[in-house]
Amino acid sequence: MALETSLTPPVPVLIIVMGVSGTGKSTLGAALAAALNMPYIDGDDLHPRTNVDKMAAGSPLTDADREPWLRIIRNTAERVTQEQTQKLKHTRSINGAGAEIGEFKNPSESENGTVAPGVVIACSALKRVYRDMLRGVISTISSSSNTHLTERAPGATDEVTIDLPTYFVFIEGTREVLMDRMLKRSGHFMKATMLDSQLSTLENPTGEEGVVAVSVEDSTATQVDTAVKGLGPMLSGHAI
C-alpha cells in the first residue's frame, strides 16, 4: 500500500536505487516504488543478453558493456514517463484542466489504480559517468560535453521528455556485510567473487546533488523511510 506522502510531484521523475550487487536494490526499489505509488523496473532485466552471459561466467562488465545498458535504462524511463504524461493529458481532456496528476489510471501498476508521475529503477550506477548517463546529461561514457541522449528506446517518439529530473538512493555497506549477503544468495547471475571488482569500481555518490544514502544493514521499511525523508527536500519544489 502506498504511503501518504507529499512527495508526489506534478512532473515525472526518475529515481534510481543504486549500489553494488548484494545490497538489495531490487527489494528496496520495489518497496520504494510502492511507497511512492510509482511503477518499478529492475534494471537487471534490461541488460543485453551478452552482458548477462558475461556476468554468469564470472567476468566483470567493461564500460563498453555497460554503455548500451545505461542507455536502455534512461530511454525506458523516458518512454514510461512519456506514457504517463500522455495519459494525464487524456484525462485532462476528459475531466477538464483541473484534473490532478494522480488521477490518471493504470490499474496494472498500482493497487488502487493510481500511478504517481515517475518511475523507480534499480541499477548499480557505480561510476559518476554512469550516473550522468542515467541523468541524461551525457550521451556516451566517453562524452566530454553535456549533450543529451540522442538514441531512443523502441516505440518512443519525438515527444519524449529529455529533461527528466533524476535522483539516486544509494545503498551503502561494508565489504564484510555485502560478502555475507552475497554468499547467501541463490539464483542470481552475479558471482560472489565479483564483489571486489564492483567495490573497486564504485565511485561513492555521497555529496553529489540528488543523492540519498541508506544503510544495507537497515530493514527495508527503515530504508524506505530514510529514502522518503531524504527525497523530501529534493522534491519539495514538486510537492502538491
Side-chain angles (χ1 to χ4, degrees), residues 13-36 38 40-47 51-52 54-56 58-63 65-67 69-70 72-74 76-77 118-135 141 166-231 234:
V13 297
L14 167 59
I15 298 174
I16 300 288
V17 176
M18 63 160 290
V20 301
S21 185
T23 52
K25 296 185 294 293
S26 299
T27 299
L28 176 56
L32 182 61
L36 297 178
M38 293 180 181
Y40 167 72
I41 298 173
D42 193 326
D44 282 347
D45 294 337
L46 300 178
H47 266 296
N51 285 6
V52 175
K54 191 170 184 178
M55 288 184 286
S59 301
L61 298 180
T62 65
D63 283 357
D65 296 321
R66 288 190 174 98
E67 185 171 302
W69 174 53
L70 296 168
I72 290 170
I73 290 175
R74 177 69 189 190
T76 298
V119 59
V120 177
I121 300 181
C123 171
S124 52
L126 300 178
K127 291 183 180 180
R128 172 64 184 260
V129 69
Y130 303 164
R131 295 188 287 274
D132 281 346
M133 277 197 72
L134 294 169
R135 290 179 174 110
I141 288 177
T166 304
Y167 304 93
F168 293 84
V169 177
F170 171 47
I171 309 175
E172 56 184 353
T174 65
R175 180 188 182 280
E176 291 71 26
V177 171
L178 295 173
M179 181 60 74
D180 181 66
R181 290 169 58 94
M182 180 84 71
L183 294 174
K184 292 177 180 177
R185 301 177 76 182
S186 62
H188 192 270
F189 52 70
M190 183 68 71
K191 301 293 186 181
T193 53
M194 294 178 65
L195 176 60
D196 286 333
S197 174
Q198 288 213 345
L199 287 173
S200 65
T201 300
L202 175 66
E203 295 174 1
N204 194 307
T206 303
E208 292 179 19
E209 184 177 0
V211 175
V212 176
V214 302
S215 173
V216 70
E217 298 186 69
D218 285 341
S219 67
T220 301
T222 299
Q223 290 176 337
V224 169
D225 184 61
T226 301
V228 168
K229 289 178 179 177
L231 290 168
M234 301 176 191

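Numbering of residues begins at 1 and proceeds along the displayed sequence. The basis for the numbers below is simple: all heavy atoms, side chains too, and nothing from hydrogens, waters or symmetry mates.
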TODO: Any chance you could lay out the side-chain contact (heavy atoms from CB on, under 4.5 Å) test for Y40 and D42, step after step, and finish with the verdict?
DONE: CA-CA 7 Å; Y40 167 72; D42 193 326; 3.6 Å; yes
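Residues K54 and T62 are in side-chain contact: their nearest non-hydrogen atoms beyond the backbone lie under 4.5 Å apart.
The 12-atom threshold is exceeded at CD of E208, counting heavy atoms of other residues, nucleotides or ligands nearer than 6.0 Å.
A distance-only check finds a donor-acceptor pair linking the side chain of Q198 to the backbone of S21 [under 3.5 Å]. Looking only at distances, no side-chain donor or acceptor of Q223 sits under 3.5 Å from a matching main-chain atom of V214. Under the 3.5 Å distance criterion, the side-chain polar atoms of K127 are left unmatched by any main-chain donor or acceptor of D132. Remark: side-chain polar atoms of R128 are not paired, donor with acceptor, to backbone N or O of P205 under 3.5 angstrom. Distance alone, capped at 3.5 Å, is enough to place a donor-acceptor pair between the R66 side chain and the L61 backbone.
For the residue pair T166 and R131, no side-chain donor N or O sits within less than 3.5 Å of a side-chain acceptor on the partner. Side-chain polar atoms of T222 and D225 form no donor-acceptor pair below 3.5 angstrom.
Between R175 and D196 there is a salt bridge, since a side-chain N of the basic residue sits under 4.0 Å from a carboxylate O of the acidic one.
D65 and N51 get closest at one heavy-atom pair: O-ND2, 3.0 Å.
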